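Please read the structure below before turning to the comments.
Letters A, B, ... are given to chains in the order of the sequence lines, protein chains preceding strands, and every chain is numbered from 1. Because the structure is predicted, anything quoted here is derived from the model rather than measured.
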Amino acid sequence: MRYQRPKGTADILPDEAKKWTYVEETARMLFNDYRYQEIRTPMFENFDVFSRTSGDTSDIVTKEMYDFKDKGDRHMSLRPEGTAGVVRAFVENKLYGPEHPRPIKVFYMGSMFRYERPQSGRQREFHQIGVEAFGSNEPELDVEVMAMGMDLLSHFGLSGLKLTINSLGDQASRAAYRQALIDYLDPHFDELSEDSKVRLHKNPLRVLDSKDKHDQEIVKGAPSILDYLNEDSKKHFDQVKHLLDALKIPYVIDPDMVRGLDYYTHTIFEIMVDSKALGEGYTTICAGGRYNGLVEQLGGPEMPGIGFGLGMERLMVLMEAQKVKFPVLDQLDAYVVGIGEQTSLETLQIVQSLRSDGFAADRDYLDRKPKAQFKTANKLNAQFTITIGESELKAKTANVKSMASGKEVTVPISEILQDFDTVLTKYFNDKEID
RNA sequence: GCGGUAGUGGUGAAGUGGUUAACACAUCGGUUUGUGGAUCCGACACGCGUGGGUUCGAUUCCCACCUACCGCCCCA
């Protein structure tokens, strides 16, 4: 094995790719129902696009960014997430202009990159499906995005989903809470884990997220961000809850839920699922939130936004674990068996003719014996075989056989070339094909 | 970046410091000069992740590296 794929990447082979296609198609249809349109942005951007928006000191920027200098000495980065690039495109192309009806709603799907140690469901190149909606600060939009996320996962046949929400409030609320949290944690400083000691000054909210048992004890007594929301923030969050209730979408509030990125404000949410396939207890499959300062941060006008992202790899693991049935979309209608070299031309003609009539058809290309060809047809789950040998060639006929019933009839080749559909209804009374 | 486990054919796997590296599945061929899902027979690793080293001799021992998996960090 001379060459290996780069660390943390994966080849998605045909059997797997079929499933991906199904998931992507399903998502596209659903997004269309919600009137979200596709947007495609570059897989790499100027390093600053991500470093600015994520917070310069965050681990994401300092060690997880897949960055490089190009030949023009430009500092570039492969995108670690979808939102920043979409916002950059939104600003650069002035989608905030008056000719675009608001909110502007887009979705994307594609590769993301982060430089870190791979584990199952966590690769260096991974794939996300995400949505973003700009231009409205109304809680109705928050709820639409959350509802769409739940709807999407339900469409994939997943069960046991749990919507978890929290509010980080606006800038002012968040700043006030940040201070309150530091005031609370500081007296316990020496008791905190080493990691949390560092977090306390860099990003105190993340202490709430600590996995350390003792940290969690301390955090239990910490003030809740929900008590620090100012009037507007509180109103916004209350309305979100009210609307979720009205739509009968169950949710739980987790005041300890935080975000690694700096740009989130107000509503944040995660859709979680309790599956051993992704680890112990509830793990997150889809995460999102509101980011009201981000557009401005990237040079645009003051314009609120909200979105979510979901990881394809994790989704596939989950669907596999929950034994979701993927529809079979690649049925082989007919396999043309040729016996003897003389028949090769005719089999090729028949195969092409069937294809131009919209049938999925294939034949043998290895000059194999009839038995082997039938075996292949059987393995490929072909609905019909069409056999031509020397004698059929002379008589200008072919034997059409239903693999399921074993019924075989002799048909003039001209009829098959004319219209295979008619042949099937005439001889097999089968209207289901194709 | 840190810690742990592992790496044998297309797949799952057994195995040993020394002539031909089990077994099973899959594949291909034959049994049936032209018809599938069964049986039986046969074929199928110039080689045991890569590169060094120890040794008369290494897939088996040692070292480094690569990769995967698990945990930590982090997780947009």
Side-chain angles (χ1 to χ4, degrees), chain A residues 1-10 13 49-51 53-55 58-66 77 79-87 112-124 126 128 130 132 193-196 198-199 202-203 206 209-212 258-264 268 270 278-280 283-289 291 294 307-311 313-314 335-340 342-343 364 366 368-393 398-406 408:
Chain A
M1 251 182 232
R2 198 62 219 237
Y3 293 104
Q4 296 180 305
R5 59 181 178 264
K7 182 173 182 149
T9 62
L13 305 177
V49 170
F50 303 115
S51 65
T53 54
S54 301
S58 63
D59 276 24
I60 293 156
V61 173
T62 54
K63 70 176 206 191
E64 288 186 12
M65 201 88 96
Y66 224 123
S77 178
R79 62 185 183 194
E81 52 109 11
T83 302
V86 169
V87 172
M112 307 290 161
F113 306 83
R114 61 182 160 206
Y115 194 89
E116 66 161 12
R117 192 80 170 253
Q119 275 174 50
S120 87
R122 296 176 57 183
Q123 297 161 191
R124 289 187 172 182
F126 61 107
Q128 279 196 335
E132 315 289 352
S193 66
E194 290 308 311
D195 290 329
S196 287
V198 177
R199 290 189 188 110
K202 255 168 58 175
N203 190 347
R206 289 218 73 88
D209 236 10
S210 176
K211 291 195 185 93
D212 185 274
V258 296
R259 276 293 119 91
L261 298 188
D262 292 346
Y263 56 63
Y264 284 100
I268 58 173
E270 295 183 3
L278 295 178
E280 285 304 307
T283 51
T284 304
I285 180 77
C286 173
Y291 42 83
L294 189 58
F308 70 69
L310 86 93
E313 281 79 3
R314 288 172 69 80
Y335 191 91
V336 182
V337 176
I339 303 165
Q342 265 62 21
T343 61
D364 171 72
L366 298 170
R368 288 187 296 180
K369 308 207 164 176
K371 181 184 168 101
Q373 294 191 45
F374 274 92
K375 269 189 164 178
T376 301
N378 185 55
K379 199 168 67 179
L380 296 176
N381 214 346
Q383 304 300 294
F384 291 89
T385 51
I386 300 173
T387 310
I388 308 179
E390 310 278 322
S391 52
E392 286 81 6
L393 208 52
N399 299 327
V400 180
K401 178 176 180 179
S402 161
M403 291 300 273
S405 67
E408 186 165 19

How do K371(A) and E408(A) order along RNA chain B: which one's closest nucleotide is nearer the 5' end?
K371(A)
When you check the phosphate oxygens OP1 and OP2 of C70(B), does a side-chain N or O of R122(A) lie under 4.0 Å from one of them?
no
Pick the closest RNA chain B nucleotide for E116(A) and for M403(A) by heavy atoms, then say which residue is nearer the 5' end.
M403(A)
Within the 4.0 Å heavy-atom criterion, would you say G130(A) contacts the bases, only the backbone, or no part of the nucleic acid?
nothing
Separation of D195(A) atom CG from G71(B) atom C1', in whole Å?
13 Å
Between R124(A) (side chain only) and Y66(A) (backbone N and O only), is there a donor and an acceptor less than 3.5 Å apart?
no
Grab the two heavy atoms, one from R206(A) and one from V258(A), that are nearest each other, plus how far apart they are.
CA-CG2, 4.3 Å
With rounding to whole Å, what would you report as the distance between U39(B) and A13(B) at their P atoms?
24 Å
Under 4.0 angstrom, heavy atoms only, what part of the nucleic acid is E390(A) near: base, sugar-phosphate, or nothing?
base
Just compare G34(B), C28(B), U67(B) and give me whichever is closest to any side-chain atom of K7(A).
U67(B)
Is there a side-chain contact (heavy atoms from CB on, under 4.5 Å) between Y335(A) and N378(A)? Walk through the geometry before answering.
CA-CA 9 Å; Y335(A) 191 91; N378(A) 185 55; over 6 Å; no
base_contact_polar (G34(B) base, E392(A) side chain, donor-acceptor, <3.5 Å)
yes
Trace of the side-chain contact (heavy atoms from CB on, under 4.5 Å) decision for F374(A) with K401(A)
CA-CA 11 Å; F374(A) 274 92; K401(A) 178 176 180 179; 4.3 Å; yes
R117(A) has a side chain; which of C2(B), G37(B), A68(B) sits nearest to it?
C2(B)
C1' spacing across the pair C25(B) / U20(B), given as an integer number of angstrom:
23 Å
What integer distance in Å separates K369(A):NZ from U32(B):P?
12 Å
Give R5(A) one of three labels, base, sugar-phosphate or nothing, depending on what nucleic acid heavy atoms sit under 4.0 Å from its own.
nothing
Taking only the side-chain heavy atoms of Q4(A) (C-beta and beyond), determine which of U67(B), G36(B), A68(B) contains the nearest atom.
U67(B)
Between G52(B) and G15(B), how far is it from one P atom to the other, in whole Å?
29 Å
Is there a side-chain polar atom (N or O) of Q119(A) under 4.0 Å from OP1 or OP2 of G71(B)?
yes
With a non-hydrogen cut-off below 4.0 angstrom, is T376(A) in contact with a base, only sugar-phosphate, or nothing?
nothing
Can you check side-chain contact (heavy atoms from CB on, under 4.5 Å) on E132(A) and V87(A), steps first, answer last?
CA-CA 9 Å; E132(A) 315 289 352; V87(A) 172; 5.9 Å; no
Quick note, I339(A) side chain, CB onward, closest among A76(B), G34(B), C72(B) is G34(B)
Name the nucleic acid region contacted by G8(A), choosing base, sugar-phosphate or nothing; use a 4.0 angstrom heavy-atom cut-off, strictly under.
sugar-phosphate
